[in-house]
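Read the numbers this way: they start at 1 and go in the same order the structure lists the ligands and their atoms.
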Amino acid sequence: MIVKYGGNAMKNVELRRTVAHELAALCREHSLVVVHGGGPVIERELERRGLRSEFVRGLRVTTPEAMHVIEMALGQLNKELSYEIGSAVGLMGHDSNLLVAEPLGGELGRVGKIVSVNAELLRKLLSVGLTPVVGCVAVDKRGAALNINADTVAGAVAGALREGVIFLTDVDGVYRHFPDAASLVEQLSREEAEEGIAEGWIGGGMIPKVRAALDALRRGAAYATIASGMQAGVLERAAAGQAGTRVVP
Ligand SMILES: Nc1ncnc2c1ncn2[C@@H]1O[C@H](COP(=O)(O)OP(=O)(O)O)[C@@H](O)[C@H]1O
Ligand SMILES: CC(=O)N[C@@H](CCC(=O)OP(=O)(O)O)C(=O)O
């Protein structure tokens with residue numbers, strides 16, 4: 001299975017270590033690929049250098065200068081997470097062309113659209129008992145870095161491997177009346193998701209997550225669940241379909 005670990009859920013370092021242990025335990029039973037984001041870490045590193053960032057349709061407008069900072073920030077986080085999970089290999093899009101993308105163009109700058117995933121590399125690592133930990137930087141055909149939303153990467157990896165995907169975030173799943181946790185939607189169909197986005201009750205960072213879940217399912221992923229990475233124990237229940245929002249085709 002693929003677990004996408006979001007930057008917001010990772011902010012507390014103690015909690016991050018607990019989740020890393022849960023991921024390590026899961027690796028012993030399942031073949032696991034971890035894809036991580038790092039929005040808050042990116043934000044902090046850009047701010048430290050006096051670089052402002054704006055979002056357009058949930059995506060960070062990325063200048064070449066910002067891209068350099070993002071690559072460094074995610075690279076460091078990638079190695080820390082790999083160490084915490086253990087028996088893991090930290091990778092970014094440049095490694096054996098793991099994530100190849102092309103620029104979306106326009107005002108988004110160095111933001112890309114994934115064109116291929118090196119699924120064979122992931123399978124080879126899994127076959128020798130290593131957990132790939134994938135950061136969300138892709139490479140273009142000239143070898144230059146492109147910034148990709150981490151949910152989009154997780155969806156593309158799940159689709160390429162035809163495995164299930166769990167998006168761990170800072171809410172219990174999709175709420176019909178955000179932020180009321182009692183309004184958690186247990187099953188979200190494509191139709192309801194499109195309706196939620198159009199009506200605005202699915203907003204912000206939940207939009208790329210829901211779209212990535214639908215994209216993964218369209219490409220053949222076994223299932224797609226959005227669940228909380230803010231408490232211990234949720235991962236195991238989400239994997240068993242007992243927690244979070246399951247997105248269905
Ligand atoms: N209907 C909704 N249900 C739950 N969260 C929502 C909803 N609409 C918007 N959101 C927002 O989406 C956020 C999760 O996305 P994001 O911040 O990008 O997380 P991550 O860093 O895990 O990718 C929630 O914290 C919440 O602010
Ligand atoms: C293009 C784009 O917006 N890229 C994201 C990549 C990180 C990410 O997606 O991290 P989370 O999962 O923590 O949100 C960004 O620059 O913030």
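Within the model, atoms CG of Leu74 and CG of Asn147 stand 7.5 Å from one another, a figure rounded to the nearest 0.5 Å. The CG atom of Leu146 sits 7.0 Å away from the CE atom of Met67 when rounded to the nearest 0.5 Å. If you take CZ on Arg123 and CG on Leu161, they are separated by 5.5 Å, rounding to the nearest 0.5 Å.
In this structure, Gly173 has a heavy atom closer than 4.0 Å to ligand 1. Heavy atoms of Gly37 come nearer than 4.0 angstrom to ligand 1 in no pair at all. Ligand 1 lies nowhere less than 4.0 angstrom from a heavy atom belonging to Gly39.
In this structure, Glu65 does not pair ionically with Arg49, as no charged nitrogen and carboxylate oxygen lie closer than 4.0 Å. Ion pairing between a basic and an acidic side chain is recognised when a charged N comes within 4.0 Å of a carboxylate O; Asp170 and Lys11 show no such pairing. Ion pairing between Arg16 and Glu84 holds under the 4.0 Å rule for side-chain N and carboxylate O.
Summary of contacts: the protein heavy atom closest to atom 8 (N) of ligand 1 is Gly203 N, 3.1 Å. Of the protein's non-hydrogen atoms, Met206 N, 3.5 Å is the one closest to atom 12 (O) of ligand 1. With respect to atom 22 (O) of ligand 1, the closest heavy atom belonging to the protein is Thr169 OG1, 2.7 Å. For atom 18 (O) of ligand 1, the closest non-hydrogen atom of the protein is Gly205 CA, 3.3 Å.
Listed for the Glu22 side chain is a donor-acceptor partner under 3.5 Å among the backbone atoms of Gly233. The backbone N or O of Met230 sits less than 3.5 Å from a side-chain atom of Ser228, completing a donor-acceptor pair.
Contact atoms of ligand 1 toward Trp201: 1 (N), 2 (C), 8 (N) (distance under 4.0 Å to a heavy atom of the residue). Interface of Gly7 with ligand 1, defined as ligand atoms under 4.0 Å from a residue heavy atom, comprises 21 (O). Proximity to Val174 (heavy-atom distance under 4.0 Å) selects the following atoms of ligand 1: 3 (N).
Of the listed residues (Tyr175, Phe167, Tyr5, Phe178), the one carrying the non-hydrogen atom nearest atom 27 (O) of ligand 1 is Phe178. For atom 25 (O) of ligand 1, the candidate residues are Asp170, Asn149, Asn8; the nearest heavy-atom contact is made by Asp170.
Looking at heavy atoms from C-beta onward, Leu77 lies in side-chain contact with Glu80 at the 4.5 angstrom threshold. Contact of the Glu192 side chain with the Arg176 side chain is registered, since non-hydrogen atoms from C-beta on lie closer than 4.5 Å.
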Could you list the donor-acceptor pairs under 3.5 angstrom formed between side-chain atoms of residues 125-135 and any protein atom two or more places apart in sequence or on another chain?
from, atom 1, to, atom 2, distance (Å)
Ser127, OG, Lys124, O, 2.7

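For Lys4, every heavy-atom contact with ligand 1 shorter than 4.0 Å involves the side chain, none the backbone. Within the 4.0 Å heavy-atom criterion, the part of Lys209 lying near ligand 1 is the side chain and not the backbone.
Closer than 4.0 angstrom to ligand 2 lie heavy atoms from Lys4, Gly6, Gly7, Gly37, Gly38, Gly39, Ile42, Leu59, Arg60, Val111, Cys136, Asn147, Ile148, Asn149, Ala150.
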Inset, instruction - Assess whether salt bridge (Lys or Arg N to Asp or Glu O under 4.0 Å) is satisfied between Asp215 and Arg211, documenting all intermediate values. - result: CA-CA 6 Å; Asp215 184 54; Arg211 288 211 190 283; over 6 Å; no
Inset, instruction - May I have the step-by-step check of side-chain contact (heavy atoms from CB on, under 4.5 Å) for His36 and Asn78, ending in yes or no? - result: CA-CA 8 Å; His36 68 88; Asn78 182 265; 3.1 Å; yes
